[in-house]
Student: 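Once you've had a glance at the structure underneath, I'll fire off some questions.
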Amino acid sequence: MTQEELFKKLIAHSKEYGFVFPSSEIYDGLSAVYDYGQNGVELKNNIRRYWWEAMTKLNENIVGIDAAIFMHPQTWVASGHVGAFNDPLIDNKDSKKRYRADVLIEEWMDKQREKAEKEVEKARKRFGDSFNEELFRKTNPRVLEIEEKINAVNHRMVQALEQNNLVEIKKIIEDCEIVCPISGTRNWTDVRQFNLMFETKLGSVSDDASTIYLRPETAQGIFVNYINVQKTGRMKIPFGIAQVGKAFRNEIVARQFIFRMREFEQMEMQFFVRPGEEMQWYEYWMEKRMRWHRAMGFGDNKYRFHKHEKLAHYANAASDIEFEFPFGFKEVEGIHSRTDFDLANHQKHSGKKLQYFDPDINQSYIPYVIETSIGLDRTFLLVLSAAYAEEKIAKEDGTTDERVVLRIPPALAPVKLAVFPLVKKDGLPEMARKIMDDLKFDFNCQYEEKDTIGKRYRRHDAIGTPFCITVDHQTLEDETVTIRYRDTMEQERVPASRLRKIMSEKVSLTNLLRQI
RNA sequence: GCGGGAGUAGCUCAGUCGGUAGAGCAUCAGCCUUCCAAGCUGAGGGUCGCGGGUUCGAGUCUCGUCUCCCGCUCCA
């Protein structure tokens with residue numbers, strides 16, 4: 001089976017077993033938006049809890065918040081998103097390459113400048129020692145002509161960008177006869193504005209309402225609350241603030257199932273440190289976050305670090321944790337050293353002091369920030385794709401059988417255990433119900449009596465239920481039941497009275513957290 | 001956005017030359033009782049993604065459109 005086939009099967013399996021549905025599917029769906037189903041929501045909640053507890057429970061100096069999705073519009077000016085998430089783009093129809101229109105024009109201007117320089121060089125060779133460069137630049141008609149052209153284009157471009165005049169930008173590209181560096185043609189599409197932030201209106205009357213954005217990242221909710229949390233929680237540097245929540249990006253191309261969605265959930269932690277100590281904390285969190293991933297037990301070789309060579313506007317170091325998805329190694333988490341970029345800009349734009357007084361060194365400063373940012377939906381996809389397995393089983397009569405099993409870590413599995421009566425009579429259902437009623441306060445359980453026992457086992461394999469409890473005739477005699485293990489398909493007979501203790505141990509999130 | 005592929009029952013798919021929409025699995029009810037999906041009987045479930053056009057007649061031909069998958073592109 002190719003990886004592509006595997007991925008398709010995974011998507012089909014996700015739908016068939018109630019993990020992920022296309023959004024508003026009865027209306028044909030909505031591009032790159034998905035809903036979590038009855039099993040998906042359980043798995044997602046469990047992953048979220050695993051992260052949340054790993055952050056806030058295991059670290060005394062990390063606390064959580066839950067900031068609103070709507071934020072003051074100035075937030076996004078300060079963070080740089082209004083500038084950086086707003087690009088005029090143009091496509092070349094022949095090479096199918098996409099460019100930033102303003103970059104194309106700037107590159108054209110650079111080329112013109114090179115031309116002028118060549119004229120100057122030529123003249124320098126011709127005139128030798130008597131060459132007066134300044135005079136030549138001021139008087140040579142060719143150089144003057146080029147410079148005039150550059151200035152005119154630059155003026156037009158700046159004005160067009162300011163007025164957001166996309167038609168004019170395209171006209172500049174046409175007038176300058178700019179060609180695609182790849183295809184060499186001038187077969188361009190219209191210039192389009194891509195704003196990655198979703199806009200909406202705050203206020204009921206749209207006329208005097210102000211435009212606000214759906215947050216494109218959750219981090220800013222932490223930065224604007226940093227001083228509140230620090231003061232009211234009496235936090236001392238180094239400390240962290242964790243948050244889980246939805247973020248929204250109007251991606252040009254959203255693809256690969258739930259890997260890149262327009263509405264997605266981030267689990268972010270911003271760790272505030274003393275300036276100059278950021279690199280050691282950066283290393284610390286890279287290592288610590290990798291351990292969190294590996295504790296899930298999908299295999300260390302499935303993960304790798306990817307160091308960013310080209311850094312974002314706010315960072316002085318950045319690495320991704322990549323996981324080997326069916327479509328290749330892809331980012332699930334970023335660990336970024338964001339310097340004091342965000343806090344310093346919020347201080348500047350808000351006029352509020354965001355400094356921290358450090359009693360140890362008797363100094364005030366704006367803290368530096370190490371960010372760990374992981375996609376919850378991506379982690380969900382990670383767990384599903386790592387857990388999904390198709391197995392061949394040798395049967396007693398020599399034939400082979402197949403089963404689909406999700407080897408989800410028990411602590412994360414949507415349903416922890418299923419309780420079955422072996423047959424639907426002789427008082428076995430009643431006995432099974434009684435056991436189920438006792439266990440349901442502690443675990444997410446399901447009771448099933450329909451179909452043969454084998455079918456019921458397979459059904460629960462398919463949704464990743466790690467344990468099946470079967471009540472048989474012997475149970476009526478000595479109150480023992482069997483536990484059937486999902487991964488090995490082996491069974492073990494235990495007293496029903498011990499079930500709660502045994503299961504607590506096996507599905508414990510605490511035990512998973514201890515492995516980090 | 002461009003190129004390729006796809007869309008028929010909950011799932012996987014068949015549907016010939018344009019002539020009354022099918023199978024297996026699943027679901028539900030009943031029978032049977034057996035620890036690894038396959039027994040028996042019956043039932044429900046479809047505007048063939050959506051909308052035009054051609055035709056006496058369209059799941060099938062044609063045009064448009066939407067959605068999904070793959071590649072390019074984009075990606076704090």
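To find a chain, count down the sequence lines: A is the first, B the second, and so on, and within it residues start at 1. Computed from a predicted structure; not experimentally measured.
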Student: Could you work out the separation of B:rG1 and B:rG64 based on their P atoms and round it to a whole Å?
Tutor: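 That atom pair is separated by 15 Å.
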
Student: Regarding A:Y34, tell me which of base, sugar-phosphate or nothing describes its non-hydrogen contacts under 4.0 Å with the strands shown.
Tutor: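 Sugar-phosphate, no base atom in range.
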
Student: Would you say the base of B:rC35 and the side-chain of A:D472 have a donor-acceptor pair closer than 3.5 Å?
Tutor: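 A donor-acceptor contact between them is present.
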
Student: Check whether any side-chain N or O of A:R484 sits under 3.5 Å from a backbone N or O of A:I469 as a donor-acceptor pair, and report yes or no.
Tutor: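 No, the answer is negative, given that no donor and acceptor are paired below the 3.5 Å cut-off.
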
Student: Could A:D461 and A:R486 be called an ion pair, given the rule that one side-chain N must be under 4.0 Å from one carboxylate O?
Tutor: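 Between A:R486 and A:D461 there is no salt bridge, as every charged N stays at least 4.0 Å from the carboxylate O atoms.
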
Student: Among B:rC11, B:rA37, B:rC36, which is the nearest nucleotide to the side chain of A:E16?
Tutor: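 The listed nucleotide nearest to A:E16's side chain is B:rC11.
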
Student: A:E331 near the nucleic acid: base, sugar-phosphate alone, or nothing, with a heavy-atom cut-off under 4.0 Å?
Tutor: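 Nothing, no nucleic acid heavy atom in range.
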
Student: When the P atoms of B:rA58 and B:rG18 are compared, how many Å lie between them, rounded to an integer?
Tutor: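 It comes out at 14 Å once rounded to the nearest Å.
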
Student: Hydrogens and angles aside, do A:Y447 and A:E449 bring a side-chain donor and acceptor to less than 3.5 Å of each other?
Tutor: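 Yes, because at least one side-chain N or O of A:Y447 sits under 3.5 Å from a partner of the opposite role on A:E449.
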
Student: NA contact type, A:A219, heavy-atom cut-off 4.0 Å: base, sugar-phosphate, or nothing?
Tutor: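 Nothing: the residue A:A219, judged by heavy atoms under 4.0 Å, touches no strand.
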
Student: Distance check, C1' atoms only: B:rC17 and B:rG59, in whole angstrom units.
Tutor: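 Each nucleotide's C1' atom is 15 Å from the other's.
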
Student: Specify the residue among A:V33 and A:D461 whose closest nucleotide of RNA chain B lies further upstream toward the 5′ end.
Tutor: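 Counting from the 5' end, the first nearest nucleotide belongs to A:D461.
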
Student: Check the side chains of A:N316 and A:T339 for a donor-acceptor pair under 3.5 angstrom, ignoring hydrogens and angles.
Tutor: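 Result is no, nothing qualifies.
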
Student: For A:T452, which contact category applies under a 4.0 Å heavy-atom criterion: base, sugar-phosphate, or nothing?
Tutor: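 Since only primed, P, OP1 and OP2 atoms lie under 4.0 Å of A:T452, the category is sugar-phosphate.
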
Student: Between the main-chain N or O of A:F467 and the side-chain N or O of A:T465, is there a donor-acceptor pair closer than 3.5 Å?
Tutor: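 Flag not set: sc A:T465 to bb A:F467 has no pair under 3.5 Å.
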
Student: What's A:F257 touching, base or sugar-phosphate or nothing? Going by heavy atoms closer than 4.0 Å.
Tutor: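 Touches sugar-phosphate only.
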
Student: Would you please classify the geometry between the A:F327 ring and the A:F325 ring as parallel, tilted or perpendicular, with 30° and 60° separating the classes?
Tutor: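 Correct class here is parallel.
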
Student: Toward the 5' end of RNA chain B, which comes first, A:I258 or A:E371, by nearest nucleotide?
Tutor: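 This one resolves to A:I258.
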
Student: Using the P atom as the reference point in each nucleotide, state the distance between B:rC32 and B:rC68 in Å, no decimals.
Tutor: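 Roughly 49 Å separates the two P atoms.
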
Student: Which part of the nucleic acid does A:E449 contact within heavy-atom distance under 4.0 Å: base, sugar-phosphate only, or nothing?
Tutor: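 A:E449: no heavy atom of the nucleic acid under 4.0 Å.
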
Student: Which of the following nucleotides, B:rG10, B:rC35, B:rA37, is nearest to the side chain of A:K15?
Tutor: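 The answer is B:rG10.
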
Student: Determine the Euclidean distance between corresponding P atoms of B:rG46 and B:rA23; express it in Å to zero decimal places.
Tutor: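 After rounding to an integer number of Å, I get 15 Å for this pair.
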
Student: B:rU73 pairs with which nucleotide, Watson-Crick or G-U wobble, both distances below 3.5 Å?
Tutor: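 Looking at the geometry, B:rU73 pairs with no nucleotide.
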
Student: Any chance you could measure A:D320, atom CG, to A:F305, atom CZ, to the nearest 0.5 Å?
Tutor: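 With rounding to 0.5 Å, CG (A:D320) is 10.0 Å from CZ (A:F305).
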
Student: For nucleotides B:rG4 and B:rC40, find the distance between their P atoms and express it as a whole number of Å.
Tutor: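 My reading of the P atoms in B:rG4 and B:rC40 gives 48 Å.
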
Student: Checking contacts here: which listed nucleotide (B:rC35, B:rG10, B:rC69) is nearest the side-chain heavy atoms of A:T482?
Tutor: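 Minimum distance to the A:T482 side chain belongs to B:rC35.
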
Student: The side chain of A:R260 is closest to which nucleotide in this list: B:rC35, B:rC75, B:rU33?
Tutor: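 In terms of side-chain proximity for A:R260, the closest of B:rC35, B:rC75, B:rU33 is B:rC75.
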
Student: Can you tell me how far P in B:rG52 sits from the matching atom in B:rC70, rounded to whole Å?
Tutor: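 My reading of the P atoms in B:rG52 and B:rC70 gives 32 Å.
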
Student: Atom pairs, N/O to N/O, protein against nucleotides 26-30 of chain B, distance under 3.5 Å?
Tutor:
residue, atom, partner, partner atom, Å
B:rA26, OP1, A:K455, NZ, 3.1
B:rU27, OP1, A:R459, NH1, 3.2

Student: Using the C1' atoms only, state how far B:rA26 lies from B:rG10, rounded to an integer number of Å.
Tutor: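 The same atom, C1', in both gives a distance of 7 Å.
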
Student: Looking at B:rC36, does its base get a donor-acceptor pair with the side chain of A:R484 below 3.5 Å?
Tutor: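 Side chain to base: pair present.
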
Student: Would you check if there is a donor-acceptor pair between the side chains of A:H81 and A:Q220 at a distance under 3.5 Å?
Tutor: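 No, no side-chain donor-acceptor contact under 3.5 Å.
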
Student: Mind checking who B:rG30 pairs with, Watson-Crick or G-U wobble, both distances under 3.5 Å?
Tutor: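 B:rG30 is paired, partner B:rC40.
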
Student: Closest approach to the side chain of A:L422, judged atom by atom: which nucleotide of B:rG71, B:rA37, B:rC35 is it?
Tutor: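 Output: B:rC35.
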
Student: Which of these nucleotides, B:rC35, B:rU33, B:rC36, is closest to any side-chain atom of A:R458?
Tutor: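 Nearest nucleotide to the side chain: B:rC36.
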
Student: Is A:R459 salt-bridged to A:D451, going by a charged N under 4.0 Å from an acidic O?
Tutor: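 Answer for the salt bridge query: yes.
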
